[in-house]
Amino acid sequence: MHEFHRQIGPVRFRLLSDWKAPLDRLARLYAAYPEPEHCDFTVRLDAPNPWRRFIRPHIRLGGDYAVAEAAPLPLRHALLAAEMAMNLHVALGWRRHLVIHASSAEKEGRVLIMTGQSGSGKSTLAAMLGTRGWRFMGDEFALVDPAIGHIHPFPRLVSLKNEAIGVMEAIAPTERFGPRLTDTPKGDIRHFVPPVESIAAMERSAPPALILYPRFGFAPDVRPLGMEENFVRLTQASTNYVALGETGFGALTRLVRAAPALALDFDDGEAGLAMVEQLWTEEAGQ
Amino acid sequence: MRFAGPTPDSIRIERLGVLTACYHRPSGRTHLLTEPAPEILTLIAGRTLSRSDILGELTRQYDLAEEDGVMEEALAARLDELVEAGLAVTVREDEVGTDA
């Protein structure tokens with residue numbers, strides 16, 4: 001069994017794998033991240049049975065947490081398997097923060113949160129903001145501190161999908177990308193390494209100032225959300241709201257009072273980015 | 001028939017815009033309430049009151065105008081909803097004043 005340790009934000013992972021090659025690829029992409037001795041989660045990338053290590057090799061996602069009905073992924077999608085397995089552990093097992101399925105970026109000491117379903121554009125927008133003077137904080141989870149309401153970074157590799165890959169390839173150097181994975185359950189995927197400044201600052205939290213609900217592929221539009229709608233949508237976007245009990249309730253009510261929320265529709269990356277910047281100026285306050 | 005609300009320490013109420021978020025500690029459930037449910041809940045928290053008692057207090061506190069039983073019917077519906085949500089319980093008259 002091969003082993004790999006990395007810290008992403010406050011979460012420390014230990015990955016165990018039947019194969020060495022995926023961990024070598026992860027090590028290259030996660031080269032700038034801390035390597036902790038003690039870990040919060042053990043993630044396992046196993047073959048579902050002994051012959052699947054060699055014959056049409058497939059990876060079963062497991063570890064401290066597993067989803068029994070999850071289908072094994074082919075070994076050539078090992079990076080995706082590792083990403084999904086680590087996400088699963090944070091979603092199911094992390095209790096130190098309220099976990100929201102969202103991207104985030106920080107500017108002038110305040111945080112923009114963008115939440116929405118897969119394909120909404122939240123990852124691409126956050127990655128693009130990271131190239132325009134914002135501090136990229138994460139593209140998958142925003143971690144809400146229940147004690148003080150700040151947002152903690154979780155700057156894992158950005159998972160770019162389909163059209164978003166070309167958008168980032170046009171503006172970022174090749175060495176920050178992992179291999180292109182084709183024919184995955186989510187289409188084409190290419191992992192993108194966050195800026196070194198984001199990785200170096202991954203223990204620095206900041207207060208929330210604006211929450212956006214982006215939707216890519218729709219005519220440009222902006223619509224304000226009331227606190228009550230924002231609250232309901234964020235309970236659905238959280239992976240551990242129920243598990244946290246009253247702590248989660250307090251953290252979420254504080255969050256919706258701290259930051260206004262807007263729904264944002266856009267049909268072009270650059271235009272979407274411009275709308276985000278404008279809304280930040282207008283809504284995030286001084 | 002009377003209605004008993006949660007004890008004040010078993011419920012946490014936070015107003016969010018036009019709705020009120022309510023965390024019920026014994027069940028761990030979150031409820032989103034619209035008026036007059038939060039007002040009724042506040043009134044019966046830690047108390048056991050009849051429907052007419054509740055209507056009387058709401059009328060006094062919020063200067064309500066009764067319209068041919070409309071208010072009473074609306075109150076009955078809201079109380080049923082609170083009971084169904086687990087935020088209130090019904091108490092028979094012969095149980096009032098006895099330990100549970």
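Protein chains get the first letters and strands the later ones, always in sequence-line order, with residue 1 at the start of each. Since the model is a prediction, treat every value here as computed from it, not as a measurement.
- Residues of residues 25-33 of chain B that come closer than 4.5 Å to chain A, counting heavy atoms only, are B/Arg25, B/Thr30, B/Leu32, ordered by residue number.
- Residue-level contacts of residues 82-109 of chain A with chain B do not occur; threshold 4.5 Å between heavy atoms.
- When all heavy atoms of A/Phe231 and B/Ala21 are compared, the pair lying nearest together is CZ-CB, 4.3 Å.
- Here the shortest heavy-atom pairing between B/Tyr23 and A/Glu246 reads OH-N, 3.1 Å.
- When every heavy atom of B/Val18 is checked against every heavy atom of A/Glu228, the shortest pair comes out as N-OE1, 2.8 Å.
- Residues of residues 251-264 of chain A placed with any heavy atom under 4.5 Å of a heavy atom in chain B are listed by number as A/Thr253, A/Val256, A/Arg257.
- Atom CD of B/Gln61 sits in a crowded spot, with more than 12 heavy atoms from other residues, nucleotides or ligands closer than 6.0 Å.
- Every residue two or more places apart in sequence or in another chain was checked for a side-chain contact (heavy atoms from CB on, under 4.5 Å) with B/Asp80, and none qualifies.
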